[in-house]
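First the structure, in the form of structure tokens, and then the observations on it.
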2 protein chains.
Amino acid sequence: MVETREQALDAVFHALADPTRRSILRMLAERPHGLSELAPAFPISAVAVSKHVRTLEAAGLVARQVQGRSHLCRLEPMALLTAHRWLQAYERFWSQRLDALEGLLEEMKRDADPA
Amino acid sequence: MVETREQALDAVFHALADPTRRSILRMLAERPHGLSELAPAFPISAVAVSKHVRTLEAAGLVARQVQGRSHLCRLEPMALLTAHRWLQAYERFWSQRLDALEGLLEEMKRDADPA
DNA sequence: CATTCAAATAACCGAATGGTTTTTTGTCAA
DNA sequence: TTGACAAAAAACCATTCGGTTATTTGAATG
């Protein structure tokens, strides 16, 4: 479904950009859930929840195991690695900022409490 | 603009879910760029690029410094931390998987090359 | 002052998004 | 075999999205 790495990032970030879908992932992180077990947890129709799950599936974040007439969904965590690695490339920028903040705090402490 | 933590995640993940916007961030990671310097790097109109920058700004990923008639954009990396921390909560799931994979590889090596 | 240049604003367009209700399609059980 | 149940599929709707062109605003420059 997803071809290139850029398309994978598109799909994963888009899937994560919705609070209902993030909630679904949180539930699946705890344990696998059937679709009909997932749906009542949200104030929207079961069809809408099913659509969200399909979006998560398309991004590779969720896998579905069909058992008769119930569909068991489980977290597929490796897809999160795509997003994580992209973010890691920027890690040095925010750690730089955090270091600068820490430095400032040290300075303030020294000024407020001169030995 | 962004009120709650959930809204912040919505805005950041949505901003990252577009290849043009990710490219803009990559350029700004290298160094700050004027808007008019940013625009020609993309096969779309300057207005479209300006809109993308506004989306990034709304997510807190980019800050703009107006200097006369040119607008200087720079990366605001702390907003990425929001996304990074959300992903970190799932880190144990994929590292579990990676460990399992590593274990399998070890096993295959042992089987293929019995001492 | 008139011009030029950077950017925003406005108006518009087609496609995608998030939601709905209704209608199939299967599968389990009485 | 006749329901009942789980889920998908279809049709629909309003809003948002990513893009366009044309117009306006505002600062630098001749």
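Numbered from 1 within each chain, the chains take letters A, B, ... in sequence-line order. All of these numbers come straight from a predicted model, not from anything done at the bench.
At whole-Å resolution of the value, CD in B/Q65 and P in C/dA6 are 18 Å apart. Computed from coordinates, the A/D18 CG to C/dG19 C1' distance equals 11 Å when rounded to whole Å. The distance from atom CD of B/Q67 to atom C1' of C/dC5 is 16 Å, rounded to the nearest whole Å.
In this structure, A/V12 and A/A59 approach most closely via the heavy-atom pair CG2-O, 3.7 Å.
Expressed to the nearest 0.5 Å, how far CG of B/L56 lies from NE2 of B/H14 amounts to 10.0 Å. A distance of 9.0 Å separates CD in B/E91 from CG in B/L87, rounded to the nearest 0.5 Å.
For DNA chain D, the outermost nucleotides in 5' to 3' order that have an atom under 4.0 Å from a heavy atom of chain A are D/dA4 to D/dA11.
Of the residues in residues 40-53 of chain B, those with a non-hydrogen atom less than 4.0 angstrom from any atom of DNA chain C are B/V47, B/S50, B/K51. Scanning residues 26-39 of chain B for heavy-atom distances under 4.0 Å to DNA chain D yields an empty list.
Listed by chain and number, the residues in a side-chain hydrogen bond (donor to acceptor under 3.5 Å, both in side chains) with A/D18 amount to none (sequence neighbours excluded). Looking at residues two or more places apart in sequence or on another chain, you find a side chain to side chain contact (heavy atoms under 4.5 Å, CB included) between A/A63 and A/R74, A/E76. Qualifying salt bridge (Lys or Arg N to Asp or Glu O under 4.0 Å) partners for A/R21, counting only residues two or more places apart in sequence or in other chains: none.
Residue B/R69 has no polar side-chain atom (N or O) positioned under 4.0 Å from OP1 or OP2 of C/dA8.
In this pair, A/F13 and A/W86 present their aromatic rings perpendicular. The plane angle is above 60°, beyond the 30 to 60° band.
At a threshold of 4.5 Å between non-hydrogen side-chain atoms, the residues A/H52 and A/F42 do not count as touching. Contact check for B/E6 versus A/R22: side-chain heavy atoms found under the 4.5 Å cut-off. A 4.5 Å side-chain heavy-atom check between B/L25 and A/Y90 finds at least one atom pair inside the cut-off.
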